[in-house]
Amino acid sequence: MMFLAFLSQTIRIAMPYLFASAGGVLSERSGLIGLGLEGYMLSGAFCAALGSYYSHSPWIGLAAGLAGGTVFAALYGLCSVRYKGDQVVVGVAINLLAVGITRFFLRFAFGSSSNSPRVPGFSVAETGSGLLALAHDPMIWMGALAMPVVGWVLYRTPFGLRVRAVGEHPGAALSVGIPVARVRWLAVLLSGAIAGMGGAYLALDQHQFTDQMTAGRGFIALAAIIFGRWDPPRVGLACLLFAAAETFQIRLQGASAVPAQFVEMIPYVLTIVALAGVVGRAVPPAALGKTDE
Amino acid sequence: MTAPDGTTPPTPDGAPPLAVSLRGIDMSFGPVRANRGASLDVARGEIHALVGENGAGKSTLMRVLSGMYAPDAGTMTVNGRDVTGWSTAQAIDAGVGMVHQHFMLVPTLTVAENVVLGREITAAGRLDRRGAERAVAELGERTGLVVAPGRLVSELSVGEAQRVEILKTLYRGARILILDEPTAVLSPPEVDELWRVLTHMRDTGDTIILITHKLDEVMAVSNTVTVMRRGATVGRVATRDTSPAELARLMVGRDVVLAGDAAAAPQHSIRAERRAALDVRELTVADARKTHAVDGVSFAVEPGEILGIAGVEGNGQTELVEALAGLREVSAGAVLLHGRDVTRQSVRARGDAGLSHIPEDRQLRGLVLDYSIADNLILGQQHRFSRRGAVDAAHVLENARRQIERFDIRPADPAAPARALSGGNQQKIVIAREMGRDFTVLLAAQPTRGVDVGAIEFIHAQLRNARAEGKAILLVSADLTEVLALSDRVAVMYGGRFAAVLPRAEATKEVLGAYMTGASGRAA
């Protein structure tokens with residue numbers, strides 16, 4: 001029983017990571033740093049709450065969240081693909097903008113500076129932590145499928161081959177007539193849509209939007225991408241590993257001699273370890289972050 | 001200049017319609033005019049050499065033809081059809097393919113994936129990997145361009161990678177093939193193999209445009225030659241009616257002493273000091289894969305001597321030079337400069353001990369492209385140009401003016417960024433920095449790679465002067481002609497070792513070629 005509870009909590013915690021890093025892998029493999037994931041998620045979370053609140057349907061909320069993430073990804077694409085801005089600067093700006101805009105509209109739409117009113121979500125048993133309760137949430141299934149689908153697209157479809165080529169050697173792709181900018185646009189928009197679903201999961205699972213509710217999850221997703229060496233199956237496992245560490249920390253709260261902050265560090269420490277080459281060298285896509293050329 | 005029917009421009013000798021006709025092409029990049037009224041006429045079924053100095057606009061013109069750039073002015077026809085300003089995709093559809101000087105291959109993808117990229121073979125929307133591999137294997141058998149389709153491109157040799165490039169264009173149905181400096185990185189047998197494939201293609205009706213600096217290649221394989229100078233076309237001749245000397249004169253606009261001419265053969269000069277200036281003992285260097293890139297190499301270079309190292313690239317030359325320069329860790333052995341052990345010393349300490357280094361890749365190691373000419377000229381020498389911890393701007397500027405004049409760097413503007421210069425002038429900055437100061441030992445790695453005939457002549461003269469002044473020079477070059485033209489002794493590197501060390505008199509292209517491919521056994 002203990003174990004099943006641990007497992008189901010891990011899965012719930014892993015969901016936003018799985019969505020965000022599935023989108024992030026797609027974007028990064030095309031050469032665009034997934035630094036805006038946090039922003040896409042936050043925007044997705046807010047739009048999902050807004051959509052669900054006004055439509056009373058979590059499905060509309062999910063669609064709105066997906067759209068919210070896509071809009072921010074489009075902004076990122078506009079600055080970095082169209083105008084060739086520095087991706088790190090643009091990514092940071094996107095995240096700051098998402099915080100400000102969601103806070104503004106939170107006050108504007110709901111008259112609160114901290115959280116939205118309660119909105120309809122998917123879960124049937126609200127506080128249930130059993131696996132059965134999870135299985136009734138369609139978003140759990142979507143989250144579980146997001147990474148395999150992205151992996152399939154990357155390795156088994158012409159579009160995926162083009163994404164990988166564009167992220168490694170855009171000059172080569174261009175020389176065979178591949179529209180590099182268009183491939184990147186598509187990759188970044190899809191990445192925003194998928195990450196936006198991750199944000200929607202957060203809001204719908206908690207039945208509300210709270211200010212800055214993503215709380216760094218986009219960055220943990222980015223860490224999972226690096227730890228998983230940009231390879232979807234490994235990235236998926238990294239998400240589960242990070243989520244398990246977090247669950248562990250929550251379960252131990254109060255009972256542990258280890259301060260929670262140390263457990264919260266785990267994803268970042270693992271990422272640094274991965275980057276330092278301890279578990280095989282982490283080689284990013286060669287053209288990552290170099291869309292200004 | 002059009003024929004009566006208004007579409008097909010005539011060839012100068014009234015032969016069948018031209019495969020390619022470019023007229024009055026202008027192409028500018030900001031203030032730089034790469035092409036000014038350039039023209040090119042290529043008949044069907046010929047190998048057409050396009051020659052010219054670096055910065056003459058050959059590559060630009062070919063990129064215009066292949067659709068990478070749209071020209072500012074001028075007209076382009078291919079097989080009689082007006083195609084001015086088309087896109088790469090349109091060029092590929094019309095059967096025009098370009099093999100770039102720097103390979104356009106994705107190293108993390110397989111040979112087959114690279115070949116089909118952009119024209120993927122699909123089965124129900126999915127990639128058909130096996131179909132792609134079969135197509136590549138069939139194409140390879142038909143043309144003689146054999147490469148295992150399932151291998152990763154990152155594992156291929158340079159010669160194999162080039163075959164993949166050509167396969168790529170053929171897969172797309174190219175009947176007009178443009179090759180930009182295809183032999184720069186090949187060994188003599190690989191070059192022969194390439195000529196065999198290209199002449200076979202020509203004989204089956206394909207058209208080939210060959211950009212090259214090497215006039216012996218032009219003479220060996222081309223039917224017609226077009227010469228460009230400073231962005232414009234200055235001549236078009238049938239190969240059988242011309243000579244290397246005439247082509248060189250057209251390219252540079254004046255008479256040139258060609259490397260390999262008898263007059264330029266090495267002359268022994270004063271050797272004041274017999275003691276080795278550079279002494280390398282049992283040097284071993286590990287590479288990234290933990291194997292020995294350099295495997296127990298010993299040699300010495302005396303003052304007033306040029307030791308040339310020939311070999312196919314990737315046989316440890318790069319690692320050897322970087323180890324000697326202090327850029328790469330040595331796993332065993334010793335490096336002595338004038339009898340002093342510098343094996344563990346820093347690049348700067350070696351520099352102060354009299355070592356100069358012309359790195360093989362000027363853009364990667366030799367220059368900071370966004371720095372000015374003046375700043376590039378003091379890279380690594382900052383400590384000699386500073387006062388009380390600050391860079392002495394006046395001294396730097398004075399140095400730049402002197403070196404620019406002495407080494408004829410153009411434009412003669414100390415503040416111009418290195419990026420804005422042609423390849424030859426960028427290389428002159430490196431040469432000026434490394435040879436324009438006090439040094440006793442020079443490591444010259446590919447000193448004339450991708451540099452035009454005029455600059456090659458100049459750089460060779462600098463190397464000969466340095467030898468006459470008693471400098472010890474280690475010359476590493478993939479260009480056999482260059483090694484033979486300058487060296488007093490020639491070593492051949494194969495598989496991380498010296499396969500042979502020969503006096504110049506015994507070193508012929510044939511003998512060296514055999515050692516370069518490992519065909520001859522190991523000696524010395």
Side-chain angles (χ1 to χ4, degrees), chain A residues 25-26 28-31 84 86 148-184 186-187 190 225 228-232 234 276-277 280-288 290-293, chain B residues 62-63 66-69 86-94 96-110 112-129 131-132 152-154 161 164-165 167-174 178 180 288-289 369 419:
Chain A
V25 164
L26 203 53
E28 294 233 328
R29 290 298 289 257
S30 83
K84 303 185 189 301
D86 183 289
V149 167
V150 165
W152 185 82
V153 166
L154 268 179
Y155 291 114
R156 301 284 170 192
T157 68
F159 172 68
L161 180 65
R162 291 168 182 207
V163 166
R164 286 184 287 143
V166 162
E168 283 292 334
H169 195 332
L174 197 65
S175 77
V176 293
I178 291 174
V180 171
R182 205 184 307 164
V183 170
R184 286 194 168 136
L186 207 51
L190 283 170
I225 292 169
R229 292 190 246 166
W230 292 269
D231 181 41
R234 287 205 191 99
R281 234 172 85 65
V283 186
L288 187 60
K290 294 180 189 158
T291 42
D292 52 334
E293 285 170 0
Chain B
M62 288 303 95
R63 285 181 179 176
S66 66
M68 288 179 83
Y69 308 141
W86 62 359
S87 67
T88 38
Q90 286 170 319
I92 291 164
D93 285 338
V96 176
M98 181 155 179
V99 174
H100 293 269
Q101 188 177 1
H102 302 288
F103 293 152
M104 293 289 188
L105 296 173
V106 185
T108 51
L109 302 184
T110 66
E113 283 176 329
N114 266 285
V115 170
V116 302
L117 185 63
R119 297 268 158 121
E120 296 84 359
I121 300 176
T122 54
R126 295 185 308 148
L127 276 180
D128 180 2
R129 272 192 216 177
L152 282 182
V153 162
S154 56
V164 178
E165 278 287 7
L167 281 172
K168 246 170 77 179
T169 62
L170 297 180
Y171 172 79
R172 288 165 173 73
I178 306 162
D180 193 353
R289 276 161 292 175
L369 288 175
R419 192 181 291 285

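Numbers restart at 1 for each chain; the letters A, B, ... are given by sequence-line order, proteins then strands.
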Which residue pairs pass the salt bridge (Lys or Arg N to Asp or Glu O under 4.0 Å) test when at least one of the two sits in residues 153-162 of chain A, sequence neighbours left out? A:Arg162-B:Glu120
Heavy atoms of B:Gly125 and A:Pro158 approach each other most closely as O-CD, 3.4 Å
Do B:Arg129 and A:Tyr155 make a side-chain contact, defined as non-hydrogen atoms from C-beta onward lying under 4.5 Å apart? yes
Heavy-atom distance under 4.5 Å to chain A: side chain of B:Leu105, backbone, both or neither? backbone
Going by the rule side chain to side chain contact (heavy atoms under 4.5 Å, CB included), which residues pair with B:Ala132 if we only count those two or more places apart in sequence or in a different chain? B:Ala112, B:Val116, B:Ile121
So A:Val176 and B:Arg172, do their side chains get closer than 4.5 Å, heavy atoms only? yes
Give the member of A:Ala172, A:Gly171, A:Gly177 that has the highest number of heavy-atom pairs under 4.5 Å with chain B. A:Ala172
Taking every non-hydrogen pair under 4.5 Å, which of A:Ala165, A:Gly160, A:Ala173 racks up the most with chain B? A:Ala165
Pairwise distance CD1(B:Ile92) to OG(A:Ser175) - rounded to 0.5 angstrom: 7.0 Å
Residue among B:Thr88, B:Leu117, B:Val106, B:Thr122 with most heavy-atom pairs under 4.5 Å to chain A: B:Leu117
Do A:Leu161 and B:Glu113 have side chains that approach each other closer than 4.5 Å (heavy atoms only, starting at C-beta)? yes
Less than 4.5 Å apart, any side-chain heavy atom of A:Arg164 and any of B:Thr108? no
